[in-house]
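Atom set for the values below is all heavy atoms of this structure, side chains included, hydrogens, waters and symmetry mates excluded. Computed from a predicted model, the values in this text were never measured in an experiment. Each chain gets a letter, A, B and so on, in the order its sequence line appears, and its residues count up from 1.
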Amino acid sequence: MPNDSNTGGVKLNKHAKGPRPQYFSDPASDKLLAMVMALAGEVSVMRDRNDTLERLIETKGFIDRSEINTYKPSKEIMAERDTWRESYLSHILRIVDLDTGDMGRNDISSEFQDIMDSV
Amino acid sequence: MQVRDYEQFAHAVLPEVTAEEFSRQEFVKSYKKHLATQVSPNTKVVYETQVKPAFEKEHGRTPKNRHEIRKAMNANNHYQTWSSLLRTSQEMMWKSCQVPVERQLDKLISNSRSTKNAGGSLKLDPTLDIPRYHTAVDIHCQPGGYHTEVAENDISAGAVYDRGVYIYAMGQLGPMNDDIGASTAAYLKYAYPDLAPTRILDLGCSAGHSSVPYKTAYPDAEIYGVDVAAPILRYAHARCESMSVPIHLSQQNAESMDFEDGSFDLIVSHILIHETSTVAFRNIMKECHRLLSPGGIVVHAETPPFKDMADDFDSFLLDWDTYNNNEPFWSKSHEIDPPSAAKEAGFDPDRNFEFMAPSAFEAAKENRTNVFQGGDFGGGGFWYLYGFQK
Ligand SMILES: C[S@@+](CC[C@H](N)C(=O)[O-])C[C@H]1O[C@@H](n2cnc3c(N)ncnc32)[C@H](O)[C@@H]1O
């Protein structure tokens with residue numbers, strides 16, 4: 001789980017001074033997008049942890065929890081995880097790719113009516 | 001020192017990360033990479049196939065400049081999504097670097113005060129005013145900027161920044177985040193083979209990322225660094241000492257420093273100018289002229305100016321940080337005209353230069369996008385240098 005607990009007693013401000021741009025016509029969409037990506041990040045963190053777990057079990061047959069927390073992936077494992085995250089992100093952001101195709105056109109309802117009429 | 005090209009070099013004050021904190025930072029890196037390589041290219045497609053034709057239909061002409069393109073793109077949903085994703089990645093990046101620092105700040109501060117002694121020095125000035133261009137907004141969305149202090153002998157801004165830069169550039173600046181300095185020094189060695197500086201000054205040196213490579217390039221020179229922010233200078237001092245690189249750091253405003261006239265042969269700055277202001281740039285140029293010895297050189301390294309972009313659309317992409325990443329002087333600083341700046345500061349306009357220096361960090365080469373765009377820092381593969389000789 002996210003380690004957001006602050007044992008050092010210091011709290012750093014998490015918001016940058018300055019107005020945050022509004023991107024979508026409804027500000028709720030901006031918030032939702034940020035939440036979805038934060039969640040995507042947590043799933044990815046859990047996936048790494050699971051990967052660590054499997055690797056430790058595979059090589060040692062048993063595990064010690066502290067080893068998961070201090071596990072340092074090698075260059076090769078980091079590259080495998082990079083590849084996994086890339087395909088993971090393209091799943092999550094699939095909808096954005098469509099913007100260059102049919103979805104990008106503003107109004108396709110009349111076009112769709114034509115298709116309906118033709119079948 | 002064990003340096004591996006795929007991870008940040010662990011000097012004495014680099015924050016440690018747990019496996020989960022590391023995974024969170026790695027996610028941000030992948031997220032940024034995905035945007036730069038998979039989503040950003042579509043922005044141009046959307047512009048060419050949808051936004052530009054719609055603009056032409058409405059106005060009977062193509063957009064005049066990057067500002068008109070920006071206005072038109074702001075209304076496009078693909079661009080809104082890309083921008084919102086990029087802004088969010090920046091916020092997640094800082095947070096992923098802040099949490100580990102909060103957790104271990106006491107230890108980091110104590111490490112910073114007990115590093116070995118490499119012969120450098122640190123001089124702070126608690127009375128120095130932090131310029132308005134740093135207090136008005138938190139530059140590039142780093143909460144608290146470079147200057148905010150939350151503890152005694154604080155180094156948190158430096159610790160967050162050091163790790164943040166590594167992830168921001170997706171490792172493309174090298175294990176020591178030193179690519180801008182190393183590339184600039186390589187250019188100087190090549191273009192001015194006879195230059196043998198005895199004293200070098202690095203303006204706005206931050207954590208010393210770019211200052212360190214000058215010691216490699218010019219081992220006999222004394223290196224000085226100034227910055228306005230105390231927490232980042234304390235961090236820089238500990239970092240450089242622990243890396244056995246002696247640097248003399250002082251808390252000063254580059255617009256007005258306490259060094260003597262003609263006391264440097266080489267003055268450098270790396271991605272400093274775009275974080276200042278029109279007036280500050282003018283003052284900094286005058287200070288450089290005063291501090292240089294005859295024949296001395298000053299060079300500023302930045303991302304390339306708008307005039308070097310292929311078209312207005314690329315300029316618009318380069319300009320993303322201005323409006324979306326709290327970089328109020330980014331836009332104007334990319335319009336700086338070196339010949340006029342030379343004249344104004346008293347440099348000989350015939351001896352100023354501009355150069356696109358290839359990135360010195362070869363290992364990142366094959367993964368670069370070679371595009372100068374928001375969110376893809378170091379991806380261009382070149383640094384824009386402009387400089388003046390006295
Ligand atoms: C982007 S960072 C520089 C990074 C560093 N030069 C490098 O290459 O890694 C900009 C730095 O300039 C400092 N700065 C901004 N304005 C300044 C000024 N007028 N005088 C001195 N330092 C300044 C900031 O505090 C910040 O640390």
Side-chain angles (χ1 to χ4, degrees), chain A residues 1-25 29-30 33-34 36-38 40-49 52 68-73 75 78-79 81-82 84-86 88-90 93 95-97 99-100 103-106, chain B residues 4 6-7 18-24 26-31 33-34 38-39 42 45-46 49-50 54 74 77-78 80-85 87-89 91-92 94-96 98-99 101-107 135-138 140-145 148 150-151 156 160 323-324 326:
Chain A
M1 279 297 104
N3 182 359
D4 215 350
S5 62
N6 166 25
T7 51
V10 185
K11 200 87 200 144
L12 296 175
N13 178 13
K14 300 295 184 325
H15 300 286
K17 182 175 178 189
R20 190 184 198 274
Q22 180 182 324
Y23 295 98
F24 301 104
S25 51
S29 301
D30 286 308
L33 181 142
V36 168
M37 292 315 294
E42 293 314 306
V43 171
S44 173
V45 168
M46 276 167 65
R47 196 272 175 190
D48 278 359
R49 193 175 170 94
T52 300
I68 308 177
N69 295 333
T70 55
Y71 184 79
K72 270 201 84 176
K75 181 177 186 170
M78 276 171 70
R81 290 181 179 184
D82 281 346
W84 180 83
R85 274 191 297 268
E86 174 49 34
Y88 167 71
L89 280 158
S90 58
L93 297 175
I95 195 82
V96 183
D97 286 347
D99 283 347
T100 49
M103 236 189 71
R105 279 179 272 150
N106 291 334
Chain B
R4 289 185 281 254
Y6 64 93
E7 65 180 7
T18 64
E20 285 201 8
E21 288 166 348
F22 179 68
S23 289
R24 210 163 275 122
E26 286 283 283
F27 174 75
V28 174
K29 200 184 73 190
S30 292
Y31 173 14
K33 183 132 206 117
H34 182 83
Q38 307 301 313
V39 185
N42 286 346
V45 177
V46 164
T49 60
Q50 300 164 35
N74 276 342
N77 186 257
H78 178 83
Q80 292 169 349
T81 309
W82 176 73
S83 261
S84 187
L85 284 166
R87 167 73 182 217
T88 301
S89 75
E91 292 163 349
M92 285 174 69
W94 289 122
K95 187 164 182 207
S96 77
Q98 288 181 305
V99 172
V101 171
E102 273 177 341
R103 184 171 56 71
Q104 61 194 292
L105 187 58
D106 288 350
K107 183 170 158 251
T135 55
V137 296
D138 286 343
H140 48 230
C141 298
Q142 177 176 352
T148 301
V150 298
S156 59
V160 170
Y323 304 91
N324 298 285
N326 275 357

### Query
Strictly by modelled atom types, are Asn74(B) and Tyr23(A) linked by a side-chain donor-acceptor pair under 3.5 Å?
no
### Taking every non-hydrogen atom, the tightest pair across Ala19(B) and Ile68(A)
CB-O, 3.3 Å
#### Entry: Distance, nearest 0.5 Å, that separates CG of Leu33(A) from CZ of Arg87(B)
12.5 Å
### Query
Which atom names give the shortest non-hydrogen contact between Ser23(B) and Asp48(A), and what distance separates them?
OG-OD2, 2.8 Å
### Min side-chain heavy-atom separation Phe24(A)-Thr81(B) under 4.5 Å
yes
### Task
Can you see which heavy atom on Val137(B) is nearest to which on Gly18(A), and at what distance?
CG1-CA, 3.8 Å
### Side chain / backbone / both / neither for Lys107(B) at chain A, heavy atoms under 4.5 Å
neither
### Query
Given a strict heavy-atom distance threshold of 4.5 Å, which part of Leu93(A) is in contact with chain B: side chain, backbone, both, or neither?
side chain
### Message
Just so I understand: if I count every heavy-atom pair under 4.5 Å between each of His78(B), His34(B), Gln142(B) and chain A, which residue has the most?
### Response
His34(B)
### Query
Does any heavy atom of chain A fall under 4.5 Å from the side chain of Ser156(B), the backbone, both, or neither of them?
side chain
### Message
Is Ala54(B) in contact with chain A via its backbone, its side chain, both, or neither, using a 4.5 Å heavy-atom distance?
### Response
neither
### Query
So do Pro143(B) and Leu12(A) actually touch side chain to side chain, heavy atoms under 4.5 Å?
no
### Query
Among Met92(B), Lys33(B), Gln38(B), which has the most heavy-atom pairs under 4.5 Å with chain A?
Met92(B)
## Note on the structure
Tested for side-chain contact (heavy atoms from CB on, under 4.5 Å) against Phe27(B), the lone hit among Glu42(A), Met37(A), Arg81(A) is Met37(A)
#### Entry: Part of Ala40(A) within contact of chain B (heavy atom distance under 4.5 Å)
both
### Summary
When rounded to the nearest 0.5 Å, the distance separating CG of Asp82(A) from OG of Ser30(B) is 4.5 Å
### Summary
Ranking Val160(B), Val150(B), Val101(B) by heavy-atom pairs under 4.5 Å to chain A gives rank one to Val150(B)
### Residue among Arg47(A), Lys72(A), Arg85(A) satisfying salt bridge (charged side-chain N to carboxylate O under 4.0 Å, His left out) with Glu26(B)
Arg85(A)
### Message
Whether Arg49(A) and Glu20(B) form a salt bridge (side-chain N of Lys/Arg under 4.0 Å from carboxylate O of Asp/Glu) is what I want to check.
### Response
yes
### Task
Among the options Gly144(B), Cys141(B), Ala151(B), Ser83(B), pick out the one with the most heavy-atom pairs lying under 4.5 Å from chain A.
Ser83(B)
### Salt-bridge present (Glu91(B), Arg20(A); N to O < 4.0 Å)
yes
### Structural part of Thr52(A) lying under 4.5 Å from a heavy atom of chain B
neither
### Message
Are the side chains of Thr18(B) and Asn69(A) in contact, using a 4.5 Å heavy-atom criterion?
### Response
no
### Summary
Heavy atoms of Asn326(B) and Pro19(A) approach each other most closely as OD1-O, 4.4 Å
### Region of Phe22(B) in contact with chain A, defined by heavy-atom distances below 4.5 Å
side chain
### Message
Please check: side-chain N/O of Lys17(A) versus main-chain N/O of Thr135(B), any donor-acceptor pairing under 3.5 Å?
### Response
yes
